[in-house]
Amino acid sequence: MGLIARFADRLGYAPKNLTALSGLAPGGDSWNAFTGGYAGGPVLSEREALTVSAIYACVNLIAGAISGLPLNQYIRTSDAPQRVENSLDDVFNLEMTPRWGAPSGWEFITQNLLLPGDGFARILRGPGGIVTGLEPLAYLRVVPYLIPDASRLIYTVMPDPNAMPPHGGMQVIDQDDMLHFPGFGFDGRRGLSPLRYALRVAGSVAKATQEYSADFFRNQARPDFYYKTDQDLQGEALDRFRSDIEAVHGSNGGRQHIPGILTNGLDIKSVQLPFEDIQMLATRQFQVEEIARIYGVPPFMIGHNEKTTSWGSGVEAMGIGFVKYALRQHLTKIEAEIARKIYRNRSRFVEFDTHMLERADMKTRFEAFRVGIGRAGETGFMTPNEVRAMLRMPPIDGGAALAVPPISPAQPKGLIDA
């Protein structure tokens, strides 16, 4: 009995049920991914979904935003959380493993979260359980499974098909060593797959409409037409006429628009553009809005500017709205999962720095700094050096003091140490 079989037997699984652990049995995750798992039409694969421009734009926008946000560590104190720095900063922001840069890793994890429905990253530990890195894992390689009393999860991880031989065998990982970021509808094991639910119809229609548009314009976006004659063309005359038309208007050689010469009393009868073709553009626009709605992304942020936005005007209002309504649910899951799996206590936590996305224009920002330092007669809550640090400027002498208003008219305004 192999190691995996012994481990499964210890957990109460017979070796014959190992197929279920791998997800290859009917109804399993890999089975559903390949077969669709549901009746009523095919399910878009991940690659097929990304050929739809609206899906690609939404996934790229959210994953790109998350991968570009600094992930900072903090320790709780009696006064206020204080930022701490250690080797995990490099894991979170620079390099997860020698193979995975941190921005690419977060982007890959988020892509799996937004399409198949769950993002995974294995926690790599060194001596003493010290976290040395994170290994992003593809959705199809990981199958979560409940232990017999349903109190915890274990994860079976398939070998990496891209690795050079030997690939190794299936691994079983405890939940304490796996970061699991589920999508909406998490049932204690998996999140709901957008590809199999929300995007099942919307994505398929968008893909079909997109392909129809490509075929339509590949045919020079011209309605059908017929050649009309009172003569009865048959046999060799009909075949010769058809070959002449194909030679002139064929798709090869750039001859599509060369005019033909009509003989034997032939005339052209044009057919008006069908109503379905006229509605094609409106259908594509509606699909963009529907896909943006699924991901919580304002259509204008993926280049759909047909309608005005109700998010207010200015970069600040749009950035704040995007963080609150599109990113926050994903950021919170990542922060909470890291805190409970890596720190395992409430004294430390991580938090994404979203200030860059929410940053106002320069004039508004400097006005806010002025209020923070303290305008004339007002108490400041930021020091000049704190403001300079946010602007990536070096500190100045005397810049570590808070401005306070005078206690009485007789007492001049002074400075107190922060």
Side-chain angles (χ1 to χ4, degrees), residues 36 38 40-69 107 110-119 182-185 191-218 221 273-333 354 357-358:
Y38 301 91
V43 175
L44 288 177
S45 69
E46 210 171 325
R47 290 184 179 273
E48 287 177 327
L50 290 176
T51 64
V52 178
S53 59
I55 297 177
Y56 184 97
C58 288
V59 173
N60 182 55
L61 177 67
I62 296 176
I66 292 177
S67 69
L69 293 176
E107 196 170 64
T110 307
Q111 175 186 329
N112 280 267
L113 169 61
L114 296 175
L115 291 174
D118 293 86
F184 169 76
L192 294 178
S193 169
L195 291 177
R196 276 183 271 168
Y197 291 91
L199 293 174
R200 186 179 185 86
V201 175
S204 296
V205 171
K207 183 173 183 291
T209 307
Q210 186 169 279
E211 292 175 348
Y212 179 86
S213 300
D215 291 338
F216 180 77
F217 286 102
R218 191 179 296 117
L273 194 66
F275 178 75
E276 291 79 3
D277 291 338
I278 297 175
Q279 293 296 315
M280 178 182 60
L281 182 59
T283 301
R284 292 202 66 189
Q285 291 174 349
F286 174 76
Q287 292 306 315
V288 171
E289 295 173 6
E290 188 170 13
I291 291 170
R293 186 185 308 118
I294 290 170
Y295 283 111
V297 172
F300 69 88
M301 296 194 77
I302 57 172
H304 186 74
N305 300 315
E306 292 297 319
K307 298 180 181 179
T308 58
T309 174
S310 59
W311 280 25
S313 59
V315 176
E316 180 184 15
M318 292 186 292
I320 293 174
F322 178 61
V323 171
K324 289 175 62 177
Y325 302 117
L327 291 188
R328 178 44 57 191
Q329 61 171 322
H330 306 303
L331 302 181
T332 300
K333 290 176 182 178
T354 60
L357 293 179
E358 300 171 311

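Note that the structure is predicted; figures quoted are calculated from it, not measured.
- The NZ atom of K324 sits 14.5 Å away from atom CD of Q329, with the distance rounded to the nearest 0.5 Å.
- C58 and A292 get closest at one heavy-atom pair: SG-CA, 3.9 Å.
- A pairwise comparison of heavy atoms in R328 and T354 identifies NH2-CG2, 4.0 Å as the closest pair.
- Taking CD from Q111 and CD1 from I62, the interatomic distance works out to 12.0 Å, rounded to the nearest 0.5 Å.
- Considering all non-hydrogen atoms of both residues, A206 and I291 come closest at CB-CD1, 3.8 Å.
- Listed here is the closest heavy atom pair of G296 and A326: O-CB, 3.4 Å.
- Judged purely by atom type and a 3.5 angstrom limit, Y295 uses its side chain to pair as donor or acceptor with the backbone of L114.
- The heavy-atom pair separating K333 from F184 by the smallest distance is NZ-N, 3.8 Å.
- Between A49 and L44, the closest heavy-atom pair is CA-CD1, 4.2 Å.
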(Q) Checking L69 against L331 for the side-chain contact (heavy atoms from CB on, under 4.5 Å) test, could you report, in this order, the C-alpha distance in whole Å, the side-chain angles of both residues, the deciding distance, and whether it holds? (A) CA-CA 10 Å; L69 293 176; L331 302 181; 4.1 Å; yes
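- For the pairing with T110, the side chain to side chain contact (heavy atoms under 4.5 Å, CB included) check across I66, L327, L115 returns one residue only, I66.
- Between the side chain of S67 and the backbone N or O of G64 there is at least one donor-acceptor pair closer than 3.5 Å.
- Of the residues listed (V52, N60, V59), the one engaging Y56 in a side chain to side chain contact (heavy atoms under 4.5 Å, CB included) is N60, and it is the only one.
- Here the straight-line distance linking atom OG of S53 with atom CD1 of I302 works out to 7.5 Å at 0.5 Å rounding.
- Rounding to the nearest 0.5 Å places CZ of R47 at 11.0 Å from OG1 of T51.
- A donor-acceptor pair under 3.5 Å links the side-chain atoms of S45 to the main chain of E48, judged by distance alone.
- Interatomic distance, I55 CD1 to L50 CG, rounded to the nearest 0.5 Å: 7.5 Å.
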